[in-house]
Amino acid sequence: MISKFIGSSRYAVKYTDNCIYIAPHELLKPYISHYRISFPNNSVIPEVLTIIPDASGCLVFTVVGNTLESLLWGATTETVIVKNDVNHCPMRLFIEFLPQGLFYFTGITQSDLTDIKLPLWQVNRHLYSQVERAFEVTSNLDDFIEVLNKILLPYIQEKERLPVLLAAIEQLKRSSGTITVNELSNITYYSERHLNRIFKEYVGTSVKTFSRIIRINTSIEKMKEQKSILTVLAQDIGFFDQSHFIRDFKSVCGVTPKDYALNMSDFYNEGLKF
């Protein structure tokens with residue numbers, strides 16, 4: 001079951017030593033950031049990783065012998081420390097959702113799943129069975145991705161998206177999380193209370209928490225790319241001063257920006273979502 005999924009793919013958007021990042025079907029892109037397949041490669045990696053919260057859900061499928069184990073991660077608002085066993089685990093498939101994407105594949109109020117991990121079959125047994133079957137019947141990676149797309153597409157056709165939610169998320173992303181809830185309320189013509197209710201149902205967090213997570217993930221991407229000094233970085237992403245930036249960064253990542261920069265390889269964030 002393993003070797004047939006290892007190799008190049010015409011749908012790949014990025015390769016690393018241990019992972020292939022694959023684009024979903026065009027119609028799924030508003031909901032799914034990417035598929036990621038991890039595999040052993042005997043590369044030198046940290047023993048543990050701290051996962052940076054991204055307010056998004058994820059489905060993880062792990063090949064164990066000839067069986068497939070599954071795990072649903074709800075939207076994360078807190079760091080999670082995981083054993084980095086990629087070189088000891090045969091293969092994993094990650095379906096990385098965009099913020100609010102997981103709602104359409106579960107139909108569950110997302111605040112009930114926030115920072116929770118549980119087997120997918122407890123939430124959607126049919127979806128788990130479909131993916132398991134796809135692993136069994138496909139002969140190569142591209143065939144599997146095409147079948148996976150076909151499995152997921154009907155879910156988005158059954159539910160309408162909320163224009164106000166899409167507009168709010170777009171405004172927050174465009175501003176790198178600097179726009180206030182009050183400003184967002186004025187733009188969307190929805191009360192702050194109503195916006196928060198929608199966000200908790202579809203995203204799993206309040207607007208303020210979601211904004212903070214966007215802001216800090218944006219700062220992390222800038223730290224990776226520009227190696228910016230902290231005072232300049234804080235100003236670039238709209239913080240009043242460096243102390244506010246440090247406080248918010250630590251509340252999301254569990255460490256200060258300086259400590260993060262010194263130990264960057266020990267952390268993982270899904271930059272493709274922001």
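As the structure is a prediction and not an experimental result, all values here were calculated from the model.
- Between E47 and K83, none of the side-chain N atoms (NZ, or NE/NH1/NH2) sits under 4.0 Å from a carboxylate O, so this pair counts as no salt bridge.
- Counting heavy atoms of neighbouring residues, nucleotides and ligands inside a 6.0 Å radius, atom NZ of K173 exceeds 12 of them.
- Residues W73 and V80 meet the side-chain proximity criterion, which asks for heavy atoms closer than 4.5 Å.
- Here CG of L49 is found 4.0 Å from CG of N84. Values are rounded to the nearest 0.5 Å.
- By the 4.5 Å heavy-atom criterion applied to side chains, I169 and L166 are not counted as neighbours.
- Here the side chain of T114 pairs a donor or acceptor atom with the backbone of Q110 at under 3.5 angstrom.
- For the residue pair T62 / R92, a side-chain donor-acceptor distance below 3.5 Å is found, with atom types taken as modelled.
- Contact detail for D54 and T76: the closest heavy-atom pair is N-OG1, 3.1 Å.
- F239 carries R215 over the face of its six-membered ring, with the cationic atom under 6.0 Å from the centre and within 45° of the normal.
- A 6.0 Å sphere centred on CD1 of I187 holds more than 12 heavy atoms belonging to other residues, nucleotides or ligands.
- The number of heavy-atom neighbours closer than 6.0 Å to CZ of R161, taken from other residues, nucleotides and ligands shown, is above 12.
- Judged by distance alone, with hydrogens and angles left aside, the side-chain atoms of D143 form no donor-acceptor pair with the main-chain N or O of T138 at under 3.5 Å.
- Using a 4.5 Å heavy-atom threshold, the side chains of Y190 and S185 count as separate.
- In this model, a donor atom of one side chain and an acceptor atom of the other lie less than 3.5 Å apart for N269 and E221.
- Taking the six-membered ring for Trp and the full ring otherwise, the centers of Y104 and Y155 sit at least 6.0 Å from each other.
- Ring pair F94/Y35: centre-to-centre distance not below 6.0 Å.
- In this structure, the side chain of T67 engages the main chain of V64 through a donor-acceptor pair within 3.5 Å.
- The closest donor-acceptor contact from the side chain of N18 to the backbone of F39 lies under 3.5 Å.
- Between R197 and H194, the closest side-chain pair of non-hydrogen atoms falls below 4.5 Å.
- The main-chain N or O of T77 is found under 3.5 Å from a side-chain atom of D115 such that the two form a donor-acceptor pair.
- Not one N or O on the side chain of T109 forms a donor-acceptor pair closer than 3.5 Å with the backbone of D112.
- Heavy-atom minimum distance, V63 versus F135: CG2-CE2, 4.0 Å.
- Taking 4.5 Å as the limit, every side-chain heavy atom of L93 sits out of range of all side-chain heavy atoms of V60.
- Of the possible donor and acceptor atoms, none in the side chain of N263 sits under 3.5 Å from a partner among the backbone N and O of D266.
- Counted by atom type alone, N196 and S206 present zero donor-acceptor pairs between their side chains at under 3.5 Å.
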Practice problem: Might you work through the side-chain contact (heavy atoms from CB on, under 4.5 Å) test for L172 and L184, ending with a clear yes or no? | Solution: CA-CA 8 Å; L172 288 165; L184 200 59; 4.0 Å; yes
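- Between the side chain of T209 and the main chain of T205, no donor-acceptor pair closer than 3.5 Å is present.
- Taking hydrophobic clusters as Ile, Leu, Val, Met, Phe, Trp and Tyr residues chained together by side-chain heavy-atom distances below 4.5 Å, W121 shares a cluster with L118.
- In the hydrophobic clustering of ILVMFWY residues, with side-chain heavy atoms under 4.5 Å counting as a link, I116 and F61 come out together.
- Applying the 6.0 Å contact sphere to CD of Q122 captures more than 12 heavy atoms from other residues, nucleotides or ligands.
- Ring centroid separation for the pair Y31 and F97 does not come in under the 6.0 Å cut-off.
- Remark: K208 NZ is loosely packed, at most 12 non-hydrogen atoms of other residues, nucleotides or ligands lying under 6.0 Å away.
- Looking at S9, its side chain never comes within 3.5 Å of a backbone N or O of D142 through a donor-acceptor pair.
- Electrostatic pairing of K150 and E146 does not count as a salt bridge here, judged by no charged N lying under 4.0 Å from a carboxylate O.
- Here H34 and Y21 bring their ring centres to under 6.0 angstrom of each other.
- The hydrophobic clustering, which links ILVMFWY residues whose side-chain heavy atoms are closer than 4.5 Å, places F245 and M264 together.
- Within 6.0 Å of CZ in R193 there are 12 or fewer heavy atoms belonging to other residues, nucleotides or ligands.
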